[in-house]
Amino acid sequence: MAAETGTPTTLTLKSNDDELFSVAESAAILSVTIRNMVEDGCAGGVIPLDNVDGKTLASVITYMNGISAIPADEEKKKSYRDKFLSDKDFETLADMVLAANYLNMSCLMDAVSAKIAQVMEKKSVGWVRRKFGIENDYTPEEEAAVKEEHKWTFEGVETDDDN
Amino acid sequence: MDRISELPKEILQRILYFLSQEDVVRTSLLSKSWRYIWCSRPNLVFSDKNVYFQGKKQEFLSVVDETLQRYCDRRLRLEDFHLCMSDRDSLSLLDKWIAELATMGVKDFCLHILRENSCRVIVDLPVVLEAESLKVLWLHYCDLGRNIPENITFVRLQLLHLKNALIVQEIFDKIISSCTLITTLWLKDCKGLKTIKLEKNLHKYLKHFTFVNNAIYRKDERNVEIDAPALEKVTIYGSKVRFHYRKLRNLNNLVERSRVLCIDAPNMECFDYTGLVVPYVSFAPTSGWSNIKLCITGHDVDGAPSWFHILSKFIHALRHSIICLKKFHCSPNNNNLHVLGQDDDVINVGNRHVVVDDLTLKIGRSSSFTYLLNGLFCICRPRYVTPHWFSQENWNKERKVKEARDFFCKIEKTIDSTGNHDIRQYLEGFTFEGFDEFLLDWQPLQVATLLESEFVEFRVRLQWSDQHCESSSKLLES
């Protein structure tokens, strides 16, 4: 282990499109999935991550290195996460949330989920559909019935005309 | 199908977790596959601030009641329940809900009672004390009652957050002695509390302690004893709080001041402190930040050398963290500081100079600026000195530039005319800098052309030659 020898241990991670990445063990074990593999003694060779592609894994590793370099100050970690996610589009966020779920990284999972949720905040149904490309498969009658059931939730939202 | 609708249900539930109740219910209309996803998320977040409920109190209460009933009846997992409301006539419902939440094993309960027309509304809530499953309890503007239960068993409680709560001492003592797993204790303006005692054996997991005591109850003196081995972050604000820690009582006769704060926390990482007294600390943050805001009042500088003496010891204890020191003049007349600047070693008690990353000085009409700066240079090595002015938010550019120029002149004068041999010997140079809003970076500036520049913030960068001093500079550079 790193702490015993004094030299940082490096792990090699392999994405599902066969890209290899080296990352410090201390940063990589932010992922419970990776930590379990290390504890089970699989760290010697290459750790295959079958559900994550190279582009997403590169991004996750940037996050791992960035967040583990910050001392235990929740506010600073939060502002790092905000900055890290600020320029990511929805496609990237969707890849990351799946990767964070697979890698069992609760802090990244929560940050990305909150970022996606933020898009829906106080927005009309039409706006959210357009933003995410969701196809409305309700008939007008069905839609009206659901709307009537929850009519209290439709006040104070930004209207469908907004883009 | 589109990308978001394809995500696994547990991920969608995680995303929905972060939305308010109305936002989450509205997702049922997105498409058929979204119809029922929101129904079983493990948290409920209600607020009667929603425009729809204006003037419809009853409807709000029924929506909350029906939703909660549905979770109850279908035995759905409910972990967090957050409720924000301004209505105090629905107490019987609240009692019923809290009892239900307790049986459902809710872990995170947050109740925020809004103030109506700025009068204090206090909701009587002794029922909450029976919710044994709680891990997180937030109460704003609530009264925990006068009846002291025989047993309070918050054995799972990890976070207690009380704001403007009325809590009698006995109840607080019972809560605090039952929650041995507590990691975060956040107390703001809690009436009725006189003593907070955190003990090593009982509160070994406490990491964050926040105690804020605003003007409203300033008359009450509070007594806080903190002896928590795992403390990582402490935030304290309150000018008339009396703190002490028993072990340190006889350590130094200077402790015999009227207001004393002593903290022992071996694992302290970040330390945030605002106050009138310079605390005695028996810990050494090894990484992270120490943000210190000190107010100087006439009272505190009665014996200026001893005040600097305590300050020197204090920042020396914090020397392995990145220190930001902000000093505010509260008293218009700090002439007592004039006695400074003669014998550094008396002030500095032989400690090496501590690097302070940023020294912010609040500039009032005080004539003691030079003396204060001289005194501070005796005990620390600030990398930056940043001026801050009272009411600077309302100033136009000309005024700001004028004040900045004054500040730079004062610094120059202090450095040029100093009798302090430390400054003469070790200060290699200084640069005036302004913050460029377009480049988002600090740039060197010329005082003469200040008015033509676009700078809105100012500071002085100091270079010291005595880099042998114990410092956090390595930490900063890494």
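These numbers come from the heavy atoms of this one structure, side chains and all, not from hydrogens, waters or symmetry mates. Proteins get letters first, then strands, A, B, ... in listed order; numbering begins at 1 in each.
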Max heavy-atom pairs within cutoff under 4.5 Å with chain B, candidates A:Lys115, A:Glu91, A:Glu142, A:Gln118, goes to A:Glu91

Chain B interface, residue from A:Ala100, A:Ser113, A:Ala94 that has the most non-hydrogen pairs under 4.5 Å =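 So the answer, after comparing A:Ala100, A:Ser113, A:Ala94, is A:Ser113.
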
Is the distance from the ring center of B:Trp138 to that of B:Phe109 below 6.0 Å?
no

Item to complete: Please find out if less than 6.0 Å separates the ring center of B:Trp442 from that of B:Phe435.
Response: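 Yes, they do, as the ring centres are separated by less than 6.0 Å.
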
Cation-pi geometry met for A:Lys76 and A:Tyr80 (6.0 Å, 45°)
no

Between A:Phe154 and A:Lys147, is there a cation-pi geometry (under 6.0 Å to ring centre, at most 45° from the normal)?
yes

Which portion of [X] sits near chain B, non-hydrogen atoms under 4.5 angstrom:
X        : answer
A:Glu121 : both
A:Glu149 : side chain
A:Lys151 : both

Q.
For B:Lys56, I'd like to know if atom NZ has over 12 heavy atoms of other residues, nucleotides or ligands within 6.0 Å.
A. yes

- Item | B:Tyr205 OH: over 12 foreign heavy atoms closer than 6.0 Å |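 No - once you tally the heavy atoms of other residues, nucleotides and ligands closer than 6.0 Å, there are 12 at most.
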
Q) Counting distance only, does the side-chain N/O of A:Asp137 pair as donor-acceptor with the main-chain N or O of B:Lys32 below 3.5 Å? A)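 Yes; judged by distance alone, with no hydrogens or angles, the pair exists.
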
With a 4.5 angstrom heavy-atom cut-off, is it the side chain or the backbone of [X] that approaches chain A, or both, or neither?
X       : value
B:Leu7  : side chain
B:Glu6  : neither
B:Val24 : neither
B:Tyr17 : neither
B:Thr27 : side chain

Given B:Ser28, B:Ser20, B:Pro8, B:Ser5, the one with more heavy-atom pairs under 4.5 angstrom with chain A than any other is B:Ser28

Does the pair A:Asp110/B:Arg14 count as a salt bridge with the N-to-O cut at 4.0 Å?
yes

